There are 2 protein chains.
Amino acid sequence: MEKIIENFTVSANCPVRNVLDRFGDKWSILILMVLGQNGTMRFNEINKTIGDISQKMLTVTLRTLEADGLISRQVFPEIPPRVEYQLTHLGFSLIPHINNLATWANEHIVEIKSSREKFKV
Amino acid sequence: MEKIIENFTVSANCPVRNVLDRFGDKWSILILMVLGQNGTMRFNEINKTIGDISQKMLTVTLRTLEADGLISRQVFPEIPPRVEYQLTHLGFSLIPHINNLATWANEHIVEIKSSREKFKV
DNA sequence: CAGCATCCGACCGGATACTG
DNA sequence: CAGTATCCGGTCGGATGCTG
């Protein structure tokens, strides 16, 4: 197997850590998945789809994803305001990898939960 | 594209969120990658490879990964003590997906960093 | 509707000291 | 060597109230 990472020691210079640190928050990956499945979505649509995210964290996370260039934000000058979010090309290129992880999670969650139970004892 | 997640709203019952929440910590994925690349490793080996992880967090994270059944821990009754960690079959099955993410990160980090810079302005 | 501002508790994780 | 125990500060994120 080829070595993907040569040096873990300098976190700021390690692309993997740099990127994965971003996904370490509570909502980023989930928002990307939701947008990947539903295409263009409005703020409240995402809010309702996820269900238990606070308005604050949705705003903050959307801004971060936008700063990273993973999603785009389009404001329509209407009243009441309409803001639509969608994946950029860059963000879309990440979706398959996230979906693979999600599929893995679905396939192995039972095994993991059972392992957690056993470990308690 | 097929829908992988039907319901995001109940986080405890959503396998994806259940699993991804685990990887939301600072070190889990990195430790899995290190073990994936180096095979069997001792405590201090992992410590030095990562470089800037504290002893406490390494211990805690290793225990969590062990509880999830992703890594195994073998203690050798010697003095000084030797403890070896390696991926389980379950943990190993996750490696390709993590590596895919890492590869993606390496390929797109420049684009992401440049996007972050532009967003500041 | 889509946010911003503020407050605040929880907990994540680092530093340090100690041990079999 | 491979931990455990304790302390403690920073930050993540929820709740609430307000706005164009």
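Chain A is the first sequence line, chain B the second, and so forth, proteins listed ahead of strands; every chain is numbered from 1. This structure is a prediction, so every number in the text was calculated from the model and none was measured.
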By side chain to side chain donor-acceptor pair (under 3.5 Å), which residues pair with B:Ser54, not counting sequence neighbours? none

Sequence-distant partners of A:Asp68, side chain to side chain donor-acceptor pair (under 3.5 Å), two or more places apart: A:Arg22, B:Arg116

Close residues, residues 62-79 of chain A, relative to DNA chain C [heavy-atom separation under 4.0 Å]: A:Arg63, A:Arg73

Per-pair distances, 0.1 Å, donor-acceptor, side chain in residues 55-65 of chain A, under 3.5 Å, sequence neighbours excluded:
unit_1, atom_1, unit_2, atom_2, d
A:Thr59, OG1, A:Gln55, O, 2.9
A:Thr61, OG1, A:Met57, O, 2.6
A:Thr64, OG1, A:Val60, O, 2.9

When rounded to the nearest 0.5 Å, the distance separating CG of A:Leu35 from CD of A:Gln86 is 9.0 Å

Any chance you could list the contact pattern along nucleotides 13-20 of chain D? Use B for base contacts, S for sugar-phosphate-only contacts and - for none, protein heavy atoms under 4.0 Å, 5' to 3'. BBB----B

Axis bend over the full length of the helix from C:dC1-D:dG20 to C:dG20-D:dC1, computed from five pairs that close each end, to 10 degrees: 50°

Would you please name every residue forming a side chain to side chain donor-acceptor pair (under 3.5 Å) with A:Lys120, sequence neighbours left out? A:Glu117

Using whole Å, report how far CZ of B:Phe43 lies from P of D:dG3. 5 Å

Under the side-chain contact (heavy atoms from CB on, under 4.5 Å) test, residues paired with B:Ser93 that sit two or more places apart: A:Trp104, A:His108, B:Leu90

Contacts of type side chain to side chain donor-acceptor pair (under 3.5 Å), residue B:Asp25, not counting sequence neighbours: B:Ser28

What side-chain donor-acceptor pairs closer than 3.5 Å can you find for residues 76-84 of chain B, not counting sequence neighbours?
unit_1, atom_1, unit_2, atom_2, d
B:Glu78, OE1, B:Arg82, NE, 3.4
B:Glu78, OE2, B:Arg82, NH2, 2.8
B:Arg82, NH1, B:Glu84, OE2, 2.9

Nt span of DNA chain C in reach of chain A heavy atoms at under 4.0 Å, 5' end first, is C:dC1 to C:dC7

